[in-house]
Amino acid sequence: ASGTSAYGGAIYNAKKIGNINGNFIGNNAAANAFTDNALSYGGAIYNNYGTINSITGDFIGNYVSASSDFPSKASEAYGGAINNEGTIDSINGNFRGNYVSDAKRVYGGAIRNLRNIGSITGDFVGNYAISPTYDARGGAIFNEGTIDTISGSFIGNYAKGKTAFGGAIYTTKDLNI
């Protein structure tokens, strides 16, 4: 997906999906705006107030980027592999080399969650969030919603920016890890 706003490189969901089974490799949502805000969400999956029962598969090399030619305009990149603003019951799979970059605000190299995720099971390896000029949060996971449990290893994830928080996980809520 590309344009001044880009949503879900492989899947955009605003309703209900049962089970998703399969690997997501090299998908992207990239926004580039010349005179407006540039907004990108979910390199592989953007769940926009929808419901997904389960996601099973690996996420490898998915990314989100956003840039604007005007410094006063917003550029935001969220959820290198998954951007969730709805409900996902479970996610089972590994996340390798997913990222968010080239924007003022970059949140969640692998997953950005604003609503509800039941469980996440899998390893997070080499995911990152890089902002060249501003704010990077959650190299692997950015969470401002509810995640019941996270089970797996976090290896070599990082956040880098003018301000950076949570190389592996950035959360404003309680988590069970």
Which other residues end up in the same hydrophobic cluster as Val125, if Ile, Leu, Val, Met, Phe, Trp and Tyr are linked when side-chain heavy atoms come under 4.5 Å apart? Ile155
Residues sharing Val64's hydrophobic cluster, by side-chain heavy-atom contacts under 4.5 Å among ILVMFWY, directly or via others? Val100, Val106
Pairing residues for Arg96 by the salt bridge (Lys or Arg N to Asp or Glu O under 4.0 Å) criterion, not counting sequence neighbours: none
Taking the side chain as everything from C-beta on, heavy atoms only, tell me whether Ile130 gets closer than 4.5 Å to Tyr158. yes
Show the atom names and distances, to 0.1 Å, of all donor-acceptor pairs under 3.5 Å that link a side chain in residues 50-57 to residues at least two apart or in another chain.
unit_1	atom_1	unit_2	atom_2	d
Asn53	OD1	Lys16	NZ	3.2
Ser54	OG	Asn19	OD1	2.8

Look only at the side chain of Ser65 and the backbone of Ser101, and say whether a donor-acceptor pair between them is shorter than 3.5 Å. no
Any donor-acceptor pair under 3.5 Å linking the side chain of Asp123 with the backbone of Ser153? yes
Grouping ILVMFWY residues whenever side-chain heavy atoms fall under 4.5 Å, the cluster of Ile60 otherwise contains Ile25
Test ring-ring contact (aromatic ring centres under 6.0 Å, His included) applied to Phe24 - qualifying residues, sequence neighbours left out: Phe59
Residues at least two apart in sequence or cross-chain that pass side chain to side chain donor-acceptor pair (under 3.5 Å) with Asn27, listed by chain then number, are Asn62
Is a donor on one side and an acceptor on the other found under 3.5 Å between the side chain of Ser131 and the backbone of Ala136? no
Does atom CZ of Phe165 have more than 12 heavy-atom neighbours from other groups under 6.0 Å away? yes
Residues two or more places apart in sequence or in another chain: which of them pass side chain to side chain donor-acceptor pair (under 3.5 Å) with Tyr7? none
Do Asn127 side-chain atoms and Phe95 backbone N/O form a donor-acceptor pair below 3.5 Å? yes
Would the distance check show the side chain of Asp148 and the main-chain N or O of Asn176 forming a donor-acceptor pair, the cut-off being under 3.5 Å? no
For Asp135, the salt bridge (Lys or Arg N to Asp or Glu O under 4.0 Å) test, sequence neighbours excluded, returns Arg137
Under the side chain to side chain donor-acceptor pair (under 3.5 Å) test, residues paired with Asn143 that sit two or more places apart: Asn113, Thr171
Could you list the residues that satisfy side chain to side chain donor-acceptor pair (under 3.5 Å) with Lys162, not counting sequence neighbours? none
For residues Tyr46 and Tyr78: do they belong to one hydrophobic cluster (side chain heavy atoms under 4.5 Å, members Ile, Leu, Val, Met, Phe, Trp, Tyr)? yes
What salt bridge (charged side-chain N to carboxylate O under 4.0 Å, His left out) pairs are there with at least one residue in residues 84-95, not counting sequence neighbours? Glu85-Arg112
